[in-house]
Amino acid sequence: MQWHSLSEFIDMGGRGGFVWGAYGTLALLMLAEPLLARWRHRAARVAIAERMADEEAARAAGGRP
Amino acid sequence: MHAVNSPATLTAVRPRLTWFTFASPANFYRLAGVLGPVCGLVAALGWFLNARMAFIFARAIAPTGALFTVLALWTGSLWGRPTWGTWWVWDARLTSELILLFLYLGYMALVAAIDDTRRADKAGALLAIVGVVNVPVIYFSVVWWNTLHQGSSLTMGKEQHMASTMLVAMLLLTLACWAYAFAVVFVRAQAIVLEREGDTAWARALVAASNQG
């Protein structure tokens with residue numbers, strides 16, 4: 001360890017604003033973007049499943065394939 | 001000067017520098033700068049070969065490219081405040097990077113605004129291809145215009161002036177960011193494929209299988 005106290009660690013030799021700002025933003029965005037991409041993936045799958053269910057219901061109501 | 005280079009000071013300074021460089025603006029700038037041409041290239045492929053998957057990848061790349069451009073600008077600003085004494089200047093590198101962000105956003109907006117998928121793909125591809133012109137401008141901006149931004153600190157084939165710990169940390173982050181970019185772009189591309197091919201038998205079989213499992 002090169003830091004002797006927590007405040008020294010947070011200060012980062014006077015560069016704390018940059019280091020923690022950069023890490024914070026990076027963590028935030030890299031958490032948010034994959035979540036958005038996964039939601040989009042799930043929404044696409046749900047839409048397909050719903051369409052299949054609708055068609056199934058229509059077939060059942062019609063009585064014939 | 002001798003004191004600075006003594007082993008004791010070096011070990012004290014190096015870890016801090018490592019932390020410092022790990023999330024450096026230069027990394028994000030480089031990634032954003034490479035994703036731009038890749039986006040333009042796949043868009044061009046889609047345009048000339050009429051390949052649907054290429055258009056899909058162009059769409060999947062754009063948000064990630066925009067994300068890294070934002071990171072480059074934002075962390076650069078955080079770094080510029082203590083180093084240059086200003087959050088922002090209309091310097092050549094910074095301005096051209098901002099234009100890159102607007103190109104990414106413009107591409108996304110254009111593609112989203114047109115309802116007809118094929119027309120949207122083609123219009124977006126044209127913007128992406130034209131937008132690629134900006135990338136060499138960004139890269140050479142520190143050479144062509146002598147404004148505030150320093151020249152590149154990392155040059156292929158030249159002796160490195162960077163401390164090796166910094167270099168290793170930077171390469172590690174570059175690698176991690178690339179792995180991240182690939183992963184998230186592929187997930188988004190898959191989602192777009194499912195959105196478009198929802199009526200095909202294979203997509204339905206896939207969804208049915210995942211619902212049962």
Side-chain angles (χ1 to χ4, degrees), chain A, chain B residues 11-25 27-28 60 63-64 66-68 70-83 173 176-177 180-181 183-200 202-211:
Chain A
M1 277 298 275
Q2 302 298 328
W3 298 281
H4 304 290
S5 68
L6 185 66
S7 58
E8 216 177 298
F9 180 70
I10 290 167
D11 185 58
M12 281 285 156
R15 294 286 191 169
F18 166 69
V19 174
W20 300 118
Y23 272 105
T25 320
L26 183 69
L28 205 74
L29 290 181
M30 281 198 172
L31 214 69
E33 201 204 0
L35 275 179
L36 286 173
R38 281 180 129 183
W39 284 342
R40 191 170 173 182
H41 201 282
R42 186 177 306 147
R45 278 179 289 147
V46 166
I48 294 174
E50 275 172 1
R51 217 155 35 195
M52 282 161 70
D54 284 351
E55 285 169 16
E56 193 69 34
R59 247 200 308 266
R64 278 185 199 87
Chain B
T11 46
V13 166
R14 270 190 179 171
R16 271 215 304 264
L17 288 178
T18 310
W19 279 75
F20 174 71
T21 356
F22 204 61
S24 113
N27 266 315
F28 308 131
T64 306
L67 177 123
F68 281 109
V70 166
L71 273 173
L73 287 167
W74 171 243
T75 57
S77 175
L78 286 176
W79 179 86
R81 181 72 197 116
T83 312
L173 184 79
C177 282
Y180 165 86
V184 78
V185 163
F186 281 135
V187 170
R188 199 180 291 112
Q190 272 188 359
I192 300 172
V193 169
L194 285 173
E195 282 166 9
R196 293 188 182 186
E197 311 288 326
D199 286 326
T200 58
W202 67 262
R204 292 179 166 222
L206 195 91
V207 170
S210 74
N211 281 352

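Letters go in sequence order (proteins before strands), and every chain restarts at 1. Since this is a predicted model, take the numbers as computed values, not measurements.
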Distance-only check: which donor-acceptor pairs under 3.5 Å involve side-chain atoms of residues 45-54 of chain A, not counting sequence neighbours?
residue: A/R45; atom: NE; partner: A/H41; partner atom: ND1; Å: 3.2

query: To the nearest 0.5 Å, how far apart are CZ in A/R42 and CG in B/L194?
result: 13.0 Å

Within-4.5 Å side-chain heavy-atom neighbours: A/L36 and B/R188: no

message: Taking side chain as everything from C-beta outward and backbone as N, CA, C, O, which of these in B/V207 sits under 4.5 Å from a heavy atom of chain A? Side chain, backbone, both or neither.
response: side chain

task: Would you name the heavy atoms of B/V184 and A/A37 that are closest together and state the gap between them?
output: CG2-CB, 4.1 Å

- prompt: Taking all non-hydrogen atoms of both residues, which atom of B/E195 and which atom of A/A44 are closest, and how far apart?
  reply: CG-CB, 3.8 Å

- request: Return the option, out of B/V193, B/D199, B/L206, with the maximum number of heavy-atom pairs under 4.5 Å with chain A.
  value: B/D199

query: Looking at CG of A/L26 and CG of B/L67, how far apart are the two atoms once the value is rounded to the nearest 0.5 Å?
result: 8.5 Å

Considering all heavy atoms, the nearest B/W74-A/G21 contact: NE1-O, 4.1 Å

query: For B/R196, which residues count as a salt bridge (charged side-chain N to carboxylate O under 4.0 Å, His left out) partner, sequence neighbours excluded?
result: B/D121

